[in-house]
Asker: 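My questions all concern the structure below.
Just so it is clear, the model here is predicted, and its values are computed rather than measured.
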Protein chains: 4
Amino acid sequence: MAGNSFGQAFRITTAGESHGPGNVVIIDGVPPGLPISEDDLRVDLRRRRPGQSHIVTQRDEADEPEILSGVFEGRTTGTSLAILIRNTDQRSKDYGNIATLYRPGHADYSFDAKYGFRDYRGGGRSSARETTARVAAGAVAKKLLAEEFGGKVLGYVTQVGDIRAEIVDPAAVTLEQVEKTPAGEPNIVRCPDPAAAAKMITLIEECRKQQDSIGGAAEIVATNVPAGLGEPVFDKLKADLAKALFSLPAVLGVEYGIGFGCATMRGTEHNDLFVSTGRKPNGDPRIATSTNRHGGMLGGISTGMPIVLRAAVKPTSSLPIPQPTVNQAGEAATISTKGRHDPCLLPRFIPMAEAMVALVIADHWLRWKGQCRLQAERGVQ
Amino acid sequence: MAGNSFGQAFRITTAGESHGPGNVVIIDGVPPGLPISEDDLRVDLRRRRPGQSHIVTQRDEADEPEILSGVFEGRTTGTSLAILIRNTDQRSKDYGNIATLYRPGHADYSFDAKYGFRDYRGGGRSSARETTARVAAGAVAKKLLAEEFGGKVLGYVTQVGDIRAEIVDPAAVTLEQVEKTPAGEPNIVRCPDPAAAAKMITLIEECRKQQDSIGGAAEIVATNVPAGLGEPVFDKLKADLAKALFSLPAVLGVEYGIGFGCATMRGTEHNDLFVSTGRKPNGDPRIATSTNRHGGMLGGISTGMPIVLRAAVKPTSSLPIPQPTVNQAGEAATISTKGRHDPCLLPRFIPMAEAMVALVIADHWLRWKGQCRLQAERGVQ
Amino acid sequence: MAGNSFGQAFRITTAGESHGPGNVVIIDGVPPGLPISEDDLRVDLRRRRPGQSHIVTQRDEADEPEILSGVFEGRTTGTSLAILIRNTDQRSKDYGNIATLYRPGHADYSFDAKYGFRDYRGGGRSSARETTARVAAGAVAKKLLAEEFGGKVLGYVTQVGDIRAEIVDPAAVTLEQVEKTPAGEPNIVRCPDPAAAAKMITLIEECRKQQDSIGGAAEIVATNVPAGLGEPVFDKLKADLAKALFSLPAVLGVEYGIGFGCATMRGTEHNDLFVSTGRKPNGDPRIATSTNRHGGMLGGISTGMPIVLRAAVKPTSSLPIPQPTVNQAGEAATISTKGRHDPCLLPRFIPMAEAMVALVIADHWLRWKGQCRLQAERGVQ
Amino acid sequence: MAGNSFGQAFRITTAGESHGPGNVVIIDGVPPGLPISEDDLRVDLRRRRPGQSHIVTQRDEADEPEILSGVFEGRTTGTSLAILIRNTDQRSKDYGNIATLYRPGHADYSFDAKYGFRDYRGGGRSSARETTARVAAGAVAKKLLAEEFGGKVLGYVTQVGDIRAEIVDPAAVTLEQVEKTPAGEPNIVRCPDPAAAAKMITLIEECRKQQDSIGGAAEIVATNVPAGLGEPVFDKLKADLAKALFSLPAVLGVEYGIGFGCATMRGTEHNDLFVSTGRKPNGDPRIATSTNRHGGMLGGISTGMPIVLRAAVKPTSSLPIPQPTVNQAGEAATISTKGRHDPCLLPRFIPMAEAMVALVIADHWLRWKGQCRLQAERGVQ
């Protein structure tokens, strides 16, 4: 069984390669009646788009989505929704080198080992180009969360190399802060701490000049998510969110809430305490925790507190400077990846990570409604 | 859709609660002809068993497995294999308190929000007791890996609180080192660095005396895994392994290889370089990397290098000392969880984590064989 | 991927063999709060039980169910529900013969071809004994249908050999008519047409005396099912119902509505015409068809009309009289299956078929609620 | 959970409507290295194409496939394979009528009940136009069967109204006979019995003149399928084949082998007897049955004998003559479906049914290889 589908009730299936005709996603399970147009898809596709600033890859793709099915008169019909995003800038070039050499840090060797051969043009299916399909689908999921319970998913860069952003309250960060500088310019690095953002940009530029790349980390926050999402014992919300983020290229670590910091804590320091914060319209008590070290999930089920996740993203593997490697025959060789690469993956990682988180939450929301409709309805109050 | 199944080709489905009659697992997809007996299951069940030492919970369970189906004359038949492990020590006690109060750090509130009510006896389905079923199934998976390609999965404790083990080479740690001290005594904390192990035990004892608990971290290593496992683009091996570990209770972070350390690295520091290390019997070159910052997976597909994962485990939430909380009505209350709890989850976490990693590798091995038989066969050489 | 799970949102996974310790089913996705006890399971298990009359197999099994999990204080909790039914009458006997010979009409040869060997005791996993697990799970599904929309599933025998029952209105047949004769005696053949029933019994007795067996057909009717169930384009309700029935042993044909009779009809004769039959409490028109050749489904989606299915069941393959065959080495041999077999499978087929139909409808109901909650709610009015 | 995916290991997901931009299929799990081009897809797309003869619908569609991914230098890569078939002849017309009226025999009412509204243009997703995607995917599956074990799937029309073809040996029918008349002309009705074919054409022409339609039946035969395919106990080969055929529009009945004819038979008449027919190259005995009433499957697992299935197909529901119906408000109305419809669905049903059967066999072949590689390899000898 191959692995190009994700989700159960809100399920996406994708296809497409870096240098093929395009990328396509079929979303199955979208509730009927959701207003969706190509414009809704363009917002995040543009945030993901190559060429959007001087600190990302200069490949030039319009990333123009075409809805092939599942929408009628501006609303989803409930049948499968397909979106096609054609590739336009697959520059003709000589791939002879990459065809037989194994680029360090890339999936070239893994693909050869797995399938016996590979589409070597631009990395083929292992290229991050496939994430266009995820981002388009994520836009539909985001719309669903917003419509059904006012849910919101927002990501931002917290670290590039040694530069760390200071974020006082993850749930208070706004899209405006992520996308714009205080001066109203595009915030090209997507870090909402302006001082850190400026330093990050300088560091990325420096790495690029040195023909090198740099790693980093991002935080993704989901707010207004009702308590009750997540399926014991294997499809816990934390488990599916982690899978979602780890399924993205270059992610080497994921944590939520206090994360790895829990290892040095005692139970008395770590436990978040439950408090009551009033009543819902239906009279149910509103229950919260006074702190959020648990990152919005207990027992793998959402608690109603903000869901806070962090992912570590490795430095881009493609480097212009020559690196030693071997070819398919096992002979020593040297490779330098010319071409158009991101010196730091983080700025464009944000919409990809948001999409994956939104897809998981949409899926679990529908799964919950199917099994426990009454509870799901109460949860939204 | 609920979430009590895990895996695709090697698929387990579990049921059972802390204080119900028992836990059961059905494994579907086991290849025919694998030698399996109840004895094979007992090894890891004993490593997981409560009451195995003075630093774990003193609940007394025999954890005796009964194979209900799928094995004939000592070998698996290829049909579904069911294992039942009855609960025996569900001490009768008054649960009245827990029934209406929300224990901090536990899933009580989440379950109420999700399902409207809950089986409150010992945490019901949210208790770690359900992992008996995983560990039993993991033993079958381990057997499969060993038989089909000599694969091995081993975990150990690397951190308890501030005490960190020094591990020179994760792939060189042995089961002997994990289970026995240099003096041949049981290594009750399952840390293969003897000096660190002694300090960890002291720290755990101290926490228990203070009616407190302590967090930690573990490393799980899979060796002899052929290059080629993992399914682009969503069911990457790293994605499914992360989901597997995050599906376990108390896990707040997972990383592989250099993990979160990648955030501060440059590409030139981070990339592992491919080298040739000789020839396989069939003449194919043996390709490896000279370092293993990538943790055995590139593009989410195994590279043949050791797979190295780490998980952060929070301090036990159940604490004997009184903690403030609220009840179902939202009223303030105080709770102290008397009873039999682990002051540190790490020692018993090891067999659970190994089981989950083994299940994922077994699943991906069968998935690979189904789609790419020739490559899978070559991979094992 | 093996195939021991059925359903998506209401999903069962089974294990067990004819002569192993027992059969077990895990039901995942049961909504919380459904009242269930072992008594609820016993009703249909008794209708399926061997030894219930002189025209079925005389194997003596109590078929006593034990609920292992998922029920707390008499109600389902929403977590996985496991049921164990132990085998008690696996008579010790010499299987040497069956172990190497291929019984005509049985799966012995197929299993050997598939798995390389087989559990030959009583047919192992290919024995109809595995349907105990289905029937137990079906009882839970029936309860769900009844609670959520007053749905009902009832089957009955329509044909044994050349004897055909006359059924005026499938939707009007009652459980009473199926289970009792007009005189109040057990209706051991489960045909609601008393005259036909008597002839069927005589025919079955005659076949048994001749050491032969006889085929037949059954009709299963689901009433009070709301319009809207079924998932285009592959998981149409008719497709999943057909799969459900064909997954039962001995079924060689399935049709719904006019079935194979449609082949000779013209469109003008075949189309059922829509009519309005009043208003629902919410003001929506009640729409029906004046005839029901379409068997309650159009476009694979329920129309609100009774769902009417028929299945053809072959004569029991196990025969006491000697039949020629071959052994595993391909050598000619003779076999006569002594033992305890049904001379006609139909009477005990009824609860099995009802269970499968109920499972499909429960699954589709939950799938529908997850995606289209508003429509599903309206549908029940 | 919606239902637009089919299969497990060889899995297709489709999207598209009658009057939208086009239909798309993503095939996941195709083994790497399979030679595939758009030409391979065109063969069956042309057999399915509207406008191919005067006895089918006159809608004019080129049905030109574009492979979007998964093929590199003429061979499948093992990654997901997407195919797009654009609609070209969606004649602009006034749908106002259909938008609010319920066409008898169609899914209009079912879709409204399910989703709350529908894309009414040409039936939207309920139109048989979606089967273009199935047929394209089926062509890939057929290629796989041919390459891996010389498997072949062929269908033909056996009945139109009262005209029944005489087929001596289903396994001996050739594609040539199905597609060409003895005179070398196109066999537009796809019945390999020339005498019956001529009468069928006359009958279809007559129905069309009367503004009526006619039902029929088809037989699909899979040959050279190794013994061992099919997954107990739910994903039996017969169960998945039946689901596949019932998922097609207009199918009201499916049977295999002797089918409904079994109901009147005794065990002694019905059982096919095993015989030995020689040795395989590896020395294993070749085992067959002397007759094939079992239709190539026992216990739901293939026996190596030809797999023989039959499907009943209802007369086209769209009729030019006026029929009474109701509108969405429940008011009486009259409808006559002008436009371009098949007076008999059978000729174009053949490639659809073949595709579905090929998809199931490809899926089960890969599933078998994953779990029981050794047996699967032996099975092909």
Asker: By a 4.5 Å heavy-atom criterion (distance strictly below it), what part of D/Arg367 contacts chain A: side chain, backbone, both, or neither?
Answerer: neither
Asker: So which atom in A/Phe117 and which in D/Thr77 form the shortest heavy-atom distance, rounded to 0.1 Å?
Answerer: CZ-CA, 3.9 Å
Asker: Distance from D/Arg75 atom CZ to A/Asp119 atom CG, nearest 0.5 Å?
Answerer: 11.5 Å
Asker: I need the single residue from D/Val24, D/Asn4, D/Thr13 that forms a side chain to side chain contact (heavy atoms under 4.5 Å, CB included) with A/Ser80. Which is it?
Answerer: D/Asn4
Asker: At their closest point, which heavy atom of A/Ser5 faces which heavy atom of D/Arg11, and how far apart are they?
Answerer: OG-NE, 4.5 Å
Asker: Please rank A/Gly370, A/Gly116, A/Gly78, A/Gly29 by heavy-atom pairs under 4.5 Å with chain D and give me the top one.
Answerer: A/Gly78
Asker: Report the option among D/Ile67, D/Val30, D/Leu81, D/Ile26 that has the most heavy-atom pairs separated by less than 4.5 Å from atoms of chain A.
Answerer: D/Ile26
Asker: Ignoring hydrogens, what is the shortest heavy-atom contact between D/Ser69 and A/Ala15? Give both atom names and the distance.
Answerer: OG-CB, 3.3 Å
Asker: Sort out for me which of D/Glu66, D/Arg118, D/Glu73 touches chain A most, counting heavy-atom pairs under 4.5 Å.
Answerer: D/Glu66
Asker: Where does D/Thr76 contact chain A at under 4.5 Å (heavy atoms): side chain, backbone, both or neither?
Answerer: backbone
Asker: Which heavy atom in A/Glu17 sits nearest to a heavy atom in D/Gly70, and how many Å separate them?
Answerer: OE2-N, 2.8 Å
Asker: Measuring heavy-atom distances to chain A, does D/Phe111 have an atom under 4.5 Å in its side chain, in its backbone, in both, or in neither?
Answerer: side chain
Asker: If you count heavy-atom pairs within less than 4.5 Å of chain A, which of D/Thr14, D/Val71, D/Asp28, D/Leu68 leads?
Answerer: D/Asp28
Asker: Evaluate side chain to side chain contact (heavy atoms under 4.5 Å, CB included) for D/Leu84 paired with A/Leu84, printing each intermediate quantity in order.
Answerer: CA-CA 10 Å; D/Leu84 172 63; A/Leu84 172 63; 4.0 Å; yes
